[in-house]
Amino acid sequence: MPEFKTLSLILPVRNEAGLILGQLQRLQSYREGGHEIIVVDGGSSDGTIALTEGLVDRCERCSAGRSTQMNQGAATARGDVLLFLHVDTRLPDAADKRVLEALSSQSGRWGWFDVRLSKPRLAFRIIASFMNWRSRLTRVSTGDQALFVERGLFREVGGFPELPLMEDIAISKLLRRQGMPARPSGLAITSSRRWEENGLVSTILLMWWLRFLYFMGVEPLRLRR
C-alpha cells in the first residue's frame, strides 16, 4: 500500500465572489502544512479570480463545466491525493489528517466525507442523514461530500467523465469497481442554500427524479436542460 502524504485541494468555481474569499482563508492551514490549493475558474465575471490572489498555489481558467474544471485542476496537481471541494462546503478540522489516516488504515484509494447541512433545523438534519445513508449503501458520492481519490487511481479511471451533469455519480461508479471507499471521521458542512432557495420538498423531488432518469439512461445534457 503506497504511503500518502500530500493533498491537492481542487475547487471548481464560477461567479463565487461572495464565497471564495472565506473558503480560501479557511483552507490556508493546509497550504502551511505542505498541501496545495488549486482553483479552476469556469468563466467568472464577478471578480472571483482577483479574490484568489495570494491564497492559492494556482488559479487556472477553462470553459465552464465542473467535470472539465476538475479534470484540468487534476492534470496539474502534484499531491498524492486529489480532493475535490465545492466552494460552499466546509471541511472538518484537520481534514488532511483524517483523509490520509482513513486511506492508510482502511486500505482504500478513494472516499468521501459524510455531511451535514449548514442549517440546524430538523428537516435539514434528516436530509443529511439520508444523503449519508444513500452514499454508504450505493458507494456513490455527490459533489457536496468532498470526494477524494489517489492521483494515480484518478488517472487510471480516466478522470471525471465529460458530462454536463451527474459527473460525481459517474466517477463514483468507476471508482467503486476499483475497491471499497475509505470513510474518514468528521463531517463536511455543506450549504443548505439550494434547499432554502427552491424549497425542501421540491428540491428533494427534483434530485430524486433526475437521478432516476439518469439511471434509466436519459442523457445528462437533456437532464441539465
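To the nearest 0.5 Å, the span separating CH2 on Trp110 from CG on Leu174 amounts to 10.0 Å. Separation of atoms CG (Leu83) and CD1 (Ile38) is listed at 11.5 Å; rounding is to 0.5 Å. Note that the CD atom of Glu150 and the CG atom of Asp80 stand 8.0 Å from one another [nearest 0.5 Å]. Between the OG1 atom of Thr190 and the CG atom of Leu91 there is a distance of 10.5 Å, given to the nearest 0.5 Å. Here OG of Ser63 is found 11.0 Å from CG of Asp41. Values are rounded to the nearest 0.5 Å. Here the CG-CG distance, from Leu24 to Leu11, works out to 6.5 Å after rounding to the nearest 0.5 Å.
The cluster map of Ile, Leu, Val, Met, Phe, Trp and Tyr, joined by side-chain heavy atoms under 4.5 Å apart, puts Ile37 and Ile49 in different clusters. Using a 4.5 Å cut-off between side-chain heavy atoms of Ile, Leu, Val, Met, Phe, Trp and Tyr, with links allowed through other members, Leu163 and Ile171 fall into different hydrophobic clusters.
Side-chain contact between Val39 and Arg58 is absent, with no heavy atoms from C-beta onward closer than 4.5 Å. Contact of the Ile10 side chain with the Leu85 side chain is not registered, since no non-hydrogen atoms from C-beta on lie closer than 4.5 Å. The shortest distance between side-chain heavy atoms of Leu7 and Val99 falls below 4.5 Å. Residues Cys59 and Thr52 form a side-chain contact, since some pair of their non-hydrogen atoms from C-beta on lies under 4.5 Å apart. Contact annotation: the side chain of Leu21 approaches that of Leu55 to within less than 4.5 Å [non-hydrogen atoms, C-beta and beyond]. Between Leu9 and Phe84, every side-chain heavy-atom pair lies at or beyond the 4.5 Å cut-off. Here the side chains of Met70 and Glu167 are in contact, with some heavy-atom distance below 4.5 Å. For the pair Val115/Met131, a side-chain contact is recorded, criterion being any heavy-atom separation below 4.5 Å from C-beta on.
Using a 4.0 Å cut-off between a side-chain N of Lys or Arg and a carboxylate O of Asp or Glu, Arg31 and Glu36 do not qualify as a salt bridge. Asp57 has no carboxylate O lying under 4.0 Å from a charged side-chain N of Arg78, or vice versa, which leaves the two without a salt bridge.
Summarising the geometry of Gln69 relative to Cys62, their closest heavy-atom pair is CG-SG, 3.5 Å, with the distance given to 0.1 Å. For the pair Tyr30 and Ala94, the tightest heavy-atom approach, listed with the atom from each and the gap, is OH-N, 3.8 Å. Between Gly152 and Arg109, the closest heavy-atom pair is C-NH2, 4.1 Å. The nearest pair of heavy atoms linking Ser67 to Glu162 is OG-OE1, 3.5 Å. Scanning both residues, Gly108 and Phe4, for their nearest heavy atoms gives O-CE1, 4.1 Å. The two atoms that bring Gly42 and Ala64 nearest to each other are O-CB, 3.2 Å, heavy atoms only.
Within 6.0 Å of atom CZ in Arg26, more than 12 heavy atoms from other residues, nucleotides or ligands are found, so the atom counts as buried in its surroundings. Within a 6.0 Å radius of CZ in Arg151, more than 12 heavy atoms belonging to other residues, nucleotides or ligands are found.
Remark: side-chain polar atoms of Asn71 are paired, donor with acceptor, to backbone N or O of Phe160 under 3.5 angstrom. One N or O on the side chain of Arg176 and one on the backbone of Thr138 form a donor-acceptor pair closer than 3.5 Å. Checking side-chain atoms of Ser8 against main-chain N and O of Gly79 turns up a donor-acceptor pair under 3.5 Å. Listed for the Trp112 side chain is no donor-acceptor partner under 3.5 Å among the backbone atoms of Val140. Between the side chain of Gln106 and the main chain of Ala182, no donor-acceptor pair closer than 3.5 Å is present. Looking only at distances, a side-chain donor or acceptor of Ser44 sits under 3.5 Å from a matching main-chain atom of Asn15. Side-chain atoms of Asp46 come within 3.5 Å of backbone atoms of Ala17 as a donor-acceptor pair (strictly under, hydrogens ignored). Side chain of Ser191 to main chain of Asp88: no donor-acceptor pair is present (N/O by atom type, distance under 3.5 Å, no hydrogens or angles). The backbone N or O of Leu153 sits nowhere less than 3.5 Å from a side-chain atom of Gln178 that would complete a donor-acceptor pair.
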Side chain to side chain contact (heavy atoms under 4.5 Å, CB included) evaluation trace for Arg66 with His86 = CA-CA 10 Å; Arg66 275 188 172 149; His86 287 185; 3.2 Å; yes
inquiry  = Apply side chain to side chain contact (heavy atoms under 4.5 Å, CB included) to residues Thr89 and Ile189 and explain how you reach the verdict.
reply    = CA-CA 6 Å; Thr89 297; Ile189 303 174; over 6 Å; no
query = Do Arg116 and Arg125 pass the side chain to side chain contact (heavy atoms under 4.5 Å, CB included) test, and can you show the C-alpha distance, the side-chain angles, and the key distance before you say yes or no?
reply = CA-CA 7 Å; Arg116 72 177 174 87; Arg125 295 200 299 270; over 6 Å; no
ask   = Please walk me through it: do Thr6 and Val81 pass side chain to side chain contact (heavy atoms under 4.5 Å, CB included)?
value = CA-CA 6 Å; Thr6 57; Val81 177; over 6 Å; no
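Side-chain atoms of Gln145 and Asp168 form no donor-acceptor pair, as typed in the model, at a separation below 3.5 Å. For the residue pair Arg98 / Ser185, a side-chain donor-acceptor distance below 3.5 Å is found, with atom types taken as modelled.
Centroid-to-centroid, the aromatic rings of Phe154 and Phe148 stay 6.0 Å apart or farther.
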